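We name chains A, B, ... by the order of the sequence lines, and we start the count at 1 in each one. Source: prediction; values computed, not measured.
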Amino acid sequence: GQNIDQPTEMTATEGAIVQINCTYQTSGFNGLFWYQQHAGEAPTFLSYNVLDGLEEKGRFSSFLSRSKGYSYLLLKELQMKDSASYLCAVMGAGANNLFFGTGTRLTVIP
Amino acid sequence: DTGVSQDPRHKITKRGQNVTFRCDPISEHNRLYWYRQTLGQGPEFLTYFQNEAQLEKSRLLSDRFSAERPKGSFSTLEIQRTEQGDSAMYLCASSDDIDYEQYFGPGTRLTVT
């Protein structure tokens, strides 16, 4: 079966750093994705990890450990506009679809 | 290219009616996906096309749901005899064969009354 766990909600202060964790158990693995979704809008791509390690892209970084079934998204220098849901998604063996977690709603406070 | 587009953006229908949604993917993308998202949940996979071939369907896609991509370009998703439980955001996404990043459209929000 497929299972993805991530915290439901997080709150962080503007200018700070926040780490959003994701653990997964899936049948087959072809990569892990992080998407950002503002309320009422479509998900937008943030990062893709298929090998172990850290991928950095500006203020956003994503880490993957395949042996532990674990990933995190790191957001630095938080801005108010970063308030959104962050979705962890795994691409399974068939590489034909993404299996999403329920998302972590991040609220950035002044 | 302006990205993935979906039409309509909002649809209100009465229970028992049929509805059809359209998705226009990014023009050079040959892979097209449909997802459904309810409030507070992540998107759930419904079906996948590679060009005009529908290669995968989720168990969520009951026999009231049908999707087509007749010429390998735009796609339609039809729901027959809608039920209140069908109320959700229906998202379309597309990708190419080189990388797996899926680009999402703005979605069609369906409300069944």
> Are A:L46 and A:V18 linked, directly or through other ILVMFWY residues, by side chains that come within less than 4.5 angstrom of each other?
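In one cluster: yes.
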> Got a sec: does the CD1 of B:I12 have more than 12 other heavy atoms crowding it under 6.0 Å?
no
> Please determine, among A:G40, A:A89, A:P43, the option with the most heavy-atom pairs under 4.5 Å with chain B.
A:P43
> Can you name the nearest heavy-atom pair linking B:E101 to A:F33, along with the distance?
CA-CE2, 3.9 Å
> I need the contact set between residues 102-113 of chain B and chain A: heavy-atom distance under 4.5 Å, sorted by residue number.
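Interface residues of residues 102-113 of chain B: B:Q102, B:F104, B:G105, B:P106.
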> With a 4.5 angstrom heavy-atom cut-off, is it the side chain or the backbone of B:Q37 that approaches chain A, or both, or neither?
side chain
> Which bit of A:Y35 comes within less than 4.5 Å of chain B, counting heavy atoms only: side chain, backbone, both or neither?
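For A:Y35, side-chain heavy atoms alone lie under 4.5 Å from chain B.
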> Contact part of B:E56 toward chain A, heavy-atom cut-off under 4.5 Å: side chain, backbone, both or neither?
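The answer is the side chain of B:E56.
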> Under 6.0 Å from the CZ atom of B:R15, do we count more than 12 heavy atoms belonging to anything else shown?
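No, not enclosed.
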> How about CZ on A:R66, more than 12 heavy atoms from neighbouring residues, nucleotides or ligands closer than 6.0 Å, or not?
yes
> If two hydrophobic side chains count as joined below 4.5 Å and joins carry through other members, does B:F49 share a cluster with B:L61?
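Yes.
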> Can you check whether A:F100 and B:F45 have ring centres sitting under 6.0 Å from each other?
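Distance test on ring centres: not under 6.0 Å, no.
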> Enter the distance from A:L87:CG to B:Q41:CD here, rounded to the nearest 0.5 Å.
10.5 Å
> Mind checking whether A:L73 and A:L106 sit in one hydrophobic cluster, side chains of I, L, V, M, F, W, Y counted as touching below 4.5 Å?
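In one cluster with A:L73: A:L106, yes.
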> Using a cut-off of 6.0 Å, state whether more than 12 heavy atoms not belonging to B:E68 lie near its atom CD.
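Check fails, neighbour count at 12 or below.
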> How many angstroms lie between CG in B:L91 and CD in A:E41, if you round to the nearest 0.5 Å?
12.0 Å
> Look at the side-chain heavy atoms of Ile, Leu, Val, Met, Phe, Trp and Tyr, link any pair under 4.5 Å apart, and say whether A:I20 and A:F60 land in one connected group.
yes
> Could you see if A:I4 belongs to whatever hydrophobic cluster contains A:Y86? Use Ile, Leu, Val, Met, Phe, Trp, Tyr and a side-chain cutoff under 4.5 Å.
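They do share one cluster, since a chain of ILVMFWY contacts under 4.5 Å joins A:I4 to A:Y86.
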> B:Y33 side chain to A:L98 main-chain N or O, any donor-acceptor pair under 3.5 Å?
no
> Got a second to check how far A:F99's CZ is from B:E44's CD, nearest 0.5 Å?
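Taking CZ in A:F99 and CD in B:E44, the distance rounds to 8.5 Å.
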> Are more than 12 heavy atoms from other residues, nucleotides or ligands located less than 6.0 Å from atom CD of A:Q19?
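Enclosed.
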